[in-house]
Structure formats: structure tokens, C-alpha cells
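Small disclaimer: the values here were computed from a predicted structure and weren't measured. For this chain, numbers begin at 1 and follow the sequence in order.
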Amino acid sequence: MRIAITNIFIILLWPIIGNTQSELKSYGAFPTAKHLKWHQVEQYVLVHFTPTTYQNKEWGYGDADPSIFNPSDFDADAIIKAVKDGGFKGLVLVAKHHDGFCLWPTLTTPYNISGSPFRDGKGDMVREFEQACRKADIKFGLYCSPWDRNYPEYGRAEYVKAYHQQLTELYTNYGELFMTWFDGANGGDGYYGGATEKRSIVAAEYYQWDKIYDLVEKLQPTAVKFSDVGDVRWVGNEQGFAAETSWATFTPISPDGIVEPSPGVLDYATSPTGTRGGVAWSPAECDVPLRRGWFYHPEQDGQSRTAEQIKDLYFKSVGRGAALDLGISPMPSGRLHLDDIRIMKTFGEWHRATFENNLAKKARVSTSHKRKGKKYQAKHINDGKSTTFWSVEDDVQTPNITLQWSKPQTFDIISIQEFIALGQRIESLEVQAWLGGTWATIGDATSIGVKRLIKLEKPITSNQLRIKITNSPVCPTISEIGVFLSK
């Protein structure tokens with residue numbers, strides 16, 4: 001893992017201040033330019049669609065005949081429309097799952113889409129998804145499974161060369177990626193070219209992760225790496241939520257206590273919470289399938305998570321400084337189930353209707369303390385710009401911010417964002433509203449980071465809102481405060 005350092009890209013994206021005595025210094029690890037771009041995506045989908053779909057399995061064994069992969073009604077544009085209608089800003093395609101079947105005409109193995117009836121053997125599903133994403137302004141990412149249950153030489157050196165070549169093809173031929181995605185499923189029983197046996201590997205050594213990460217840096221330098229010890233960490237569950245306190249900084253440790261281990265040997269106990277003062281900026285991704293499994297299963301029709309459940313996960317992922325990665329799975333026809341399309345659309349309509357009207361923009365902002373300099377003024381708190389922020393002098397750690405309206409406003413969501421380019425600084429705060437002639441505490445939060453959403457049990461009406469920062473080891477920064485009413 002590389003510790004985040006100041007670089008020219010951050011300077012271009014965020015107006016970080018120079019080195020004079022009156023200017024702010026960063027605190028702890030902080031994000032790189034590609035982290036900042038990834039944070040802006042917030043929520044995206046992960047697509048599983050291989051011959052495993054046609055076998056009605058979750059993990060394909062690697063023995064399926066390519067001829068069964070025949071999505072006669074596949075339309076990437078239709079899938080991307082459902083994604084966009086759902087309010088999701090990115091898509092990560094599983095270009096190869098553990099079954100080893102490649103959705104592009106790779107030169108590394110005959111077990112690929114060219115051996116299927118799809119587009120008369122001339123198809124490239126990675127290309128079709130990529131082009132549909134570009135047209136719809138959806139960020140595009142790729143996952144290519146390290147484990148391959150079909151490849152005859154899996155477990156030996158020849159496969160590692162082939163796997164690196166697969167990554168090279170994907171990272172070279174399909175444009176800019178916002179994310180490269182890896183998981184920890186490694187070795188076990190499989191078809192392996194007909195051997196039909198169990199093969200074990202030492203994950204930390206076999207795949208040559210240093211070379212894989214060098215490939216990403218060379219061929220996709222603006223993409224974040226999702227993995228155990230990547231730019232973005234797995235949250236530690238597949239239920240779609242981070243811990244109530246979830247730091248964007250992280251120190252990965254192996255079960256035997258080794259700091260910064262290789263992928264596949266991580267102790268996941270601290271993944272939901274992160275590490276306060278961790279060695280690197282590695283925020284959490286909260287992955288969860290829309291259905292009960294990552295692949296489509298007809299017996300699960302009618303059992304998809306509801307739009308209300310996705311809303312709850314949104315607050316427990318994006319609302320805790322992480323990202324929401326929702327798994328979607330086409331049917332054998334190549335289409336998404338109508339129930340899944342409807343659920344995503346309902347969630348998207350709620351999201352747009354709720355967050356398009358920021359009541360904070362109409363408020364007058366005042367603060368208990370100030371910092372000299374126009375770039376630190378209170379007016380930046382509700383200017384709608386993530387590149388501006390308010391702060392206070394170095395010796396002030398617990399200032400207050402007050403939003404006041406000319407007439408009472410009704411709301412039930414408060415959004416608070418730190419200026420994370422200078423690190424994650426605030427440890428806790430309280431939210432108060434002016435009710436019945438006095439200040440009443442209506443919520444609190446820890447680990448603010450890029451975004452913290454506080455959802456009230458029911459809407460309240462008030463003409464004043466106060467944010468009391470109760471614990472910060474250094475002077476805090478606030479980029480934006482939002483106030484919303486859930487629709």
C-alpha cells in the first residue's frame with residue numbers, strides 16, 4: 001500500500017494552501033487525486049453475467065460449455081438506463097468471474113465469448129458495456145477474477161502470465177477506468193481443463209500483486225484499486241453497510257499481526273471501522289447484491305431488496321463516508337428483471353427528489369470562530385462547492401456553526417462534509433435545532449469525512465440549526481453543510 005502524499009494532481013483539483021505560518025496543514029493521511037474523483041461517484045453497480053447465470057449457480061465450476069452463453073435479448077444501453085435511472089454514477093463489470101469465462105475475445109484462453117453463440121461468435125460484451133457507459137456518462141470499471149476454475153495451468157506459473165496478460169488487455173483496450181476491482185476468492189476445487197481437482201495457492205505470493213498493481217498504475221493511473229490493501233478497502237461484509245464510526249484512513253493487518261500484508265491475508269475485523277490515524281487513505285466500499293445472490297436465480301424473483309431497504313443502506317454507506325456498490329444481475333435473456341428495474345428507479349426518484357433542494361443554500365451562516373483569510377470564510381459552508389471550505393485558527397478545536405432562516409424550515413436530513421484534501425480531522429459533533437425557545441440536540445455523529453448524513457426519526461421544523469464540533473485533535477474544516485427533507 002502506498003501512503004498518500006501531496007502531488008500535483010491534488011493541487012490542480014483542490015486549492016490546498018502553501019506553507020506560510022497562517023495557512024492550514026494537512027492532518028494524517030489524506031486522499032490522492034484519484035481518491036477524490038472516486039469519492040464523487042458515491043454509488044455504483046457491480047454486474048455479474050457469465051455462463052454461471054445459465055447454470056443457476058453462484059460460483060461456476062469452470063466446466064460450462066461456452067455454447068450455453070446465449071443472451072438473445074441483450075441490450076447494454078437498456079441496462080445502463082436502469083442504472084442511471086437509479087441514480088448510480090458508475091458500473092463495474094465482472095469481465096471474468098471464478099468460472100474463468102472471459103466476456104471479451106481474449107488471446108489468453110479459448111474459454112471466452114468468441115466460443116459462444118453471442119453475436120455469432122463475434123461479440124465483445126466488455127466493449128458493449130463500456131460504450132453504453134460512455135454514452136450515458138456513467139463511470140466504467142472492471143473486475144477480472146484472479147481465481148480461474150477453468151484454466152488448465154491454474155496454480156502454476158503459466159497461468160499467472162496469462163492472468164497478467166488478461167489485465168493488460170482489459171486495461172489497454174477499453175478506455176479510462178474509474179476503478180479496478182479485485183476480491184479475495186483464491187484457489188480450491190475446479191474443472192481446470194478437465195483435471196477436476198482442488199488446487200491450493202498462497203494468495204499473497206502466487207499472483208505477484210506487486211506486478212499487478214504496477215500494471216494498474218502504468219495502464220490506468222487514474223483508477224482506484226479496490227482490494228484488501230488497495231486504494232479502496234472492502235468494508236468486511238456483503239450486507240452493504242459500514243460501521244457507525246468508519247474512518248477513511250486504514251492500517252491493514254494480517255491475522256498474524258503483519259502490518260500492510262499482501263491481498264488475501266487480511267484480518268477483516270477492523271475493515272468496517274477503518275483505523276483512526278491509519279497509515280493510508282483507504283475508504284470503504286460497501287458491496288451488496290440487489291437480489292439474494294450476485295448472479296440471477298429465477299427462484300429469487302420477488303425477493304429483491306426493496307427501494308426502502310436500499311435507502312437505509314445508502315445512509316449506512318454513503319452517509320458514513322463510504323461508497324455503495326449494488327450488485328445487479330441480468331437474466332439469461334440478457335435483460336434485467338422488471339422488478340429490479342422498478343426498484344432501482346424508485347430509489348433513484350427518491351434520491352433526486354430529496355437531494356435536489358438543499359435548504360442550507362437559503363440560510364444565513366454564522367460561526368463562533370474564524371480564521372484569517374478569504375479562503376476560510378463561513379460563506380463557503382453553503383456555496384455548493386466542494387473545493388472551498390471554512391476553518392478556524394490552529395488553537396481552536398471545538399467551534400460552532402449556525403444556520404438561520406428568515407422563516408422556519410422542515411427537514412429530516414443533515415449532511416456534513418469535511419474538506420478531506422487536508423485529512424479527516426473531526427472526531428465527533430452534535431446537531432442542535434432551536435425548538436421551543438431553546439437549543440435541543442437532535443443528532444450526533446462521529447468520523448465525518450467526505451460526507452456524513454444524519455437522518456432524523458421524523459421531520460422537525462425550525463428556523464435555526466447549530467453544528468457543535470465536540471472533538472477534533474486539530475482545527476476542523478467544513479466544506480459543505482446540507483439540509484434536506486426526505487421525499
Side-chain angles (χ1 to χ4, degrees), residues 1-4 28-32 35 38-39 46 58-59 92 97-98 143-147 155 160 163 179-189 198-214 216 224-289 294 313 316-318 320-325 327 423-424 427 446-447 449-450:
M1 174 178 287
R2 297 174 174 86
I3 299 176
F30 53 88
T32 62
H35 278 123
W38 173 84
H39 275 297
L46 179 65
E58 270 296 283
W59 281 12
V92 177
H97 201 242
H98 313 322
Y143 163 54
C144 183
S145 171
W147 185 19
V160 177
Y163 180 59
M179 176 173 246
T180 60
W181 208 93
F182 302 96
D183 69 5
N186 295 295
D189 57 345
K198 183 175 183 179
R199 295 183 182 176
S200 299
I201 53 98
V202 179
E205 301 172 5
Y206 176 63
Y207 297 115
Q208 301 178 25
W209 285 105
D210 56 341
K211 293 184 179 180
I212 290 173
Y213 282 0
D214 285 344
V216 177
V224 294
K225 300 179 293 293
F226 168 82
S227 76
D228 290 350
V229 294
D231 303 307
V232 176
R233 73 180 191 270
W234 182 45
V235 76
N237 64 67
E238 292 186 346
Q239 301 303 311
F241 62 87
E244 177 69 30
T245 297
S246 182
W247 303 106
T249 52
F250 188 53
T251 299
I253 300 176
S254 69
D256 55 359
I258 297 175
V259 176
E260 299 184 68
S262 298
V265 290
L266 189 69
D267 181 356
Y268 296 109
T270 59
S271 296
T273 61
T275 313
R276 182 54 166 156
V279 297
W281 192 271
S282 184
E285 177 198 273
C286 302
D287 58 333
V288 58
W294 293 101
L313 293 177
K316 293 177 179 177
S317 55
V318 176
R320 293 176 178 174
L324 176 61
D325 182 6
Q424 192 168 12
E427 298 194 344
T446 54
S447 62
V450 66

Please step through side chain to side chain contact (heavy atoms under 4.5 Å, CB included) for the pair Trp234 and Asp183, ending with a clear verdict. CA-CA 9 Å; Trp234 182 45; Asp183 69 5; over 6 Å; no
4.5 Å side-chain heavy-atom contact, [X] and [Y]:
X      : Y      : answer
Lys316 : Cys286 : no
His35  : Phe30  : no
His39  : Pro283 : yes
Trp294 : Glu238 : yes
Val235 : Phe241 : no
Thr245 : Thr273 : no

Rounded distance (nearest 0.5 Å) linking atom [atom1] of [X] with atom [atom2] of [Y]:
X      : Y      : atom1 : atom2 : result
Asp189 : Trp59  : CG    : CH2   : 9.5 Å
Trp147 : Arg199 : CH2   : CZ    : 12.0 Å
Leu324 : Asp287 : CG    : CG    : 9.5 Å
Ser271 : Glu285 : OG    : CD    : 12.0 Å
Phe250 : Arg233 : CZ    : CZ    : 5.5 Å
Trp38  : Thr32  : CH2   : OG1   : 11.0 Å

Using the rule given for side chain to side chain contact (heavy atoms under 4.5 Å, CB included), can you reason through Lys225 versus Asp231, listing the C-alpha separation, both sets of side-chain angles and the distance that settles it, and then say yes or no? CA-CA 5 Å; Lys225 300 179 293 293; Asp231 303 307; 3.1 Å; yes
Could you report the tightest heavy-atom contact between [X] and [Y], atom names first, then the distance?
X      : Y      : answer
Pro252 : Val279 : CD-CG2, 4.4 Å
Val288 : Leu313 : CG1-CD1, 4.0 Å
Thr251 : Gly278 : OG1-CA, 3.2 Å

Are the side chain of [X] and the backbone of [Y] linked by a donor-acceptor contact shorter than 3.5 Å?
X      : Y      : value
Ser282 : Gly230 : yes
Ser447 : Ser246 : yes
Tyr163 : Cys144 : yes

By ring pair (Phe, Tyr, Trp, His ring centres under 6.0 Å) - contacts of Trp181 (at least two apart):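 Result, ring pair (Phe, Tyr, Trp, His ring centres under 6.0 Å) vs Trp181: Tyr143, Phe226.
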Contacts of type ring pair (Phe, Tyr, Trp, His ring centres under 6.0 Å), residue Tyr207, not counting sequence neighbours: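 Applying ring pair (Phe, Tyr, Trp, His ring centres under 6.0 Å) to Tyr207 gives Trp209.
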Got a sec, which residues hit salt bridge (charged side-chain N to carboxylate O under 4.0 Å, His left out) with Arg320, two or more places apart in sequence or on another chain?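 Arg320: salt bridge (charged side-chain N to carboxylate O under 4.0 Å, His left out) contacts with Glu244.
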